[in-house]
Amino acid sequence: MLQVNVLRNDPNFVKERLAVKHFKQVELVDEIIALDDDRKKTQVEFDNTQAKINAASKEIGKLMATGKKDEAEQAKLEVGAWKLEVEKHKEALELLEKKLTDSLVILPNLPCAKVPIGKTPEENINVKQAGEIPTLYEGAKPHWDLIKQYNLVDFETGSKITGSGFPLYKGKGAKFQRALSQYFLDFNTDAGYTEFIPPYMVNEASAYGTGQLPDKEGQMYHATADNFYLIPTAEVPVTNIYRDTIVKESDLPIKMTAYSPCFRREAGSFGSDVRGLNRVHQFEKVEIIQIVDPAKSYEVLDEMVAHVEKLIQSLELPYRILALCGGDMSFASAMTYDFEVYSAAQQKWLEVSSVSNFEAFQTNRMKCRYKNAEGKMQFAHSLNGSSLALPRIYASLIENNQTVDGIKIPKVLQKYFGAEEIV
RNA sequence: GGUGAGAUGGAUGAGUGGCUGAAAUCACCAGUUUGCUAAACUGACGUACGGGUUAAACUGUACCAAGGGUUCGAAUCCCUUUCUCACCGCCA
């Protein structure tokens, strides 16, 4: 959530930035400032009345103590009138505060200055492309056929157990999946990230903290009996470790990584890009998260991008890095780089990682603050990225490494998988 | 699921209606001093939203798990909820 002061300081700048994100209700900015003015005014009225009551109550205590009962009774009557007044102010104040946060919560994060202008994915900027796109043998198959051929994933039985989009990995297919997540976690912890195994369901406050609520209500699975949400990414539980906390400056940067299954309803997604492992409701992902000094968050964003790039390179996959344009960025992000790998048989770029700087958008919601050198309290910045999402890596690895005799396993994965190929 | 005990500032922990935004101790920070490490002493030391100021100073209100209630006045009394701990039950 944006801070009201950010809007106050330069409303036109805020509107201009919101337009980059193609946010329609720009007039909200002025409404919010007006609401905040009202709120301040009402608070002064409330505070002043309450102060009178507090002072009078103290006086009454003294009168009682010295036995001046009549005077005390007289004072009580006076206070009674003020109490009615203060009650009115309080109600008005609460109403204004609610309106204010309700509006504030609707505003997406402001894209930073480097964000490309654009509305659709086609307008994302290709920052870098590297790696060899392999030339496959005649008759090479897309991963959904390979999966059948080598008996790696059973979609039909997954559907029987739960529904479509819930894959059942088996045998070598399951082990390959495990090898990937193990390798990713080790790669991250070697780079100084602390590993966590978080809860896979979160409460409302946590979903709100990272911005899934209220924006993406319908995209999460909701266990209504307990009002828990299945996590769409480990970002949610892990970032919320620092909800309502004040961290020490010396603790920054905080670097965390976690493997988790991710659950997404993907309501409204359909079409050819949902085949096989391209888009599923339950998938595995290893996430990296950092909480950092605001002055350094863009430096850290670059560092995280470089980290993910190194990981993808180690898998020997062709990849490209995109700077997302304003219209394609997520609600909470100020700057996002997407990583896509090329899946050679289906001849498609698949998004496998998204690395974002949220600046103070999440930390403001979560009230994650730290004291800077001057002793001033301020919001830390939060960032996260996938390192990496498994299914599409899985798909591209088996497609790109297929031979007529079997699927070759990249070097770095062999010790985790325990073999050099899938036959 | 049952029973019981609890929840106070960074930590420990006192506080059962007004003198408590909160004792004390520890930690942290600043300073003094002994040759370093360390110790001793002195001082400062919660958060949020306001008012005020060039900036401070200063100042109002709220906050003792959360929400409600009683009262002129609540950390303190009452109700509800959540969480923690212990024991029992059930169970991977």
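What you are looking at is a predicted structure, and each value in this text was computed from that prediction instead of being measured. Hydrogens, waters and symmetry mates are skipped; everything else that's a heavy atom, side chains included, is used. Residue numbers begin at 1 in each chain, while the letters A, B, ... track the order of the sequences.
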Check your understanding: Taking for each residue the nucleotide of RNA chain B bearing the nearest heavy atom, is the 5' side occupied by A:Glu97 or by A:Lys62?
Key -> A:Lys62

**Study point:** Atom-pair distance (CG on A:Asn364; C1' on B:rA48), nearest Å
**Key:** 12 Å

Revision key, fill the gap. Separation of B:rG51 atom P from A:Arg39 atom CZ, nearest Å, is 9 Å

Exercise for review: Please state how far atom CD1 in A:Ile246 lies from atom P in B:rC45, giving the value in whole angstrom units.
Suggested key: 16 Å

Review point. On the ring face of A:Tyr208, is A:Arg365 found with NZ or CZ under 6.0 Å from the centre and within 45° of the axis?
Key: yes

Review point. Atom NZ of A:Lys40 and atom P of B:rG52: how far apart are they, to the nearest Å?
Key: 10 Å

Review point. A:Leu100 has an atom CG; how far is it from atom C1' of B:rC49, in whole Å?
Key: 12 Å

Practice item. Treat a base pair as Watson-Crick or G-U wobble with both distances under 3.5 Å, then lay out RNA chain B in dot-bracket form, 5' to 3', with | for cross-strand pairs. Key: ((((((((.[[[..)..(.....]]]..((((.......))))..((((((......)))))).[[[[[..)....]]]]])))))))....

Check your understanding: Along nucleotides 53-76 of chain B, 5' to 3', which nucleotides get a B, which get an S, and which get a -, given that the test is a protein heavy-atom distance under 4.0 Å?
Key -> -------BSS---------BS---

Check your understanding: Where does the angle between the aromatic ring planes of A:Tyr394 and A:Phe176 fall among parallel (under 30°), tilted (30 to 60°) and perpendicular (over 60°)?
Key -> perpendicular

Under 3.5 Å donor-acceptor pairs involving side-chain atoms of residues 94-101 of chain A, not counting sequence neighbours:
{"unit_1": "A:Lys98", "atom_1": "NZ", "unit_2": "A:Asp102", "atom_2": "OD2", "d": "2.7"}
{"unit_1": "A:Thr101", "atom_1": "OG1", "unit_2": "A:Glu97", "atom_2": "O", "d": "3.0"}
{"unit_1": "A:Thr101", "atom_1": "OG1", "unit_2": "A:Lys98", "atom_2": "O", "d": "3.2"}

Exercise for review: List in chain and number order the residues that pass salt bridge (charged side-chain N to carboxylate O under 4.0 Å, His left out) with A:Lys175, two or more places apart in sequence or in another chain; answer none if no residue qualifies.
Suggested key: none

Practice item. Could you list the residues that satisfy salt bridge (charged side-chain N to carboxylate O under 4.0 Å, His left out) with A:Asp36, not counting sequence neighbours? Key: A:Arg8, A:Arg39

Revision key, fill the gap. A:Glu235 meets the salt bridge (charged side-chain N to carboxylate O under 4.0 Å, His left out) criterion, sequence neighbours left out, with none

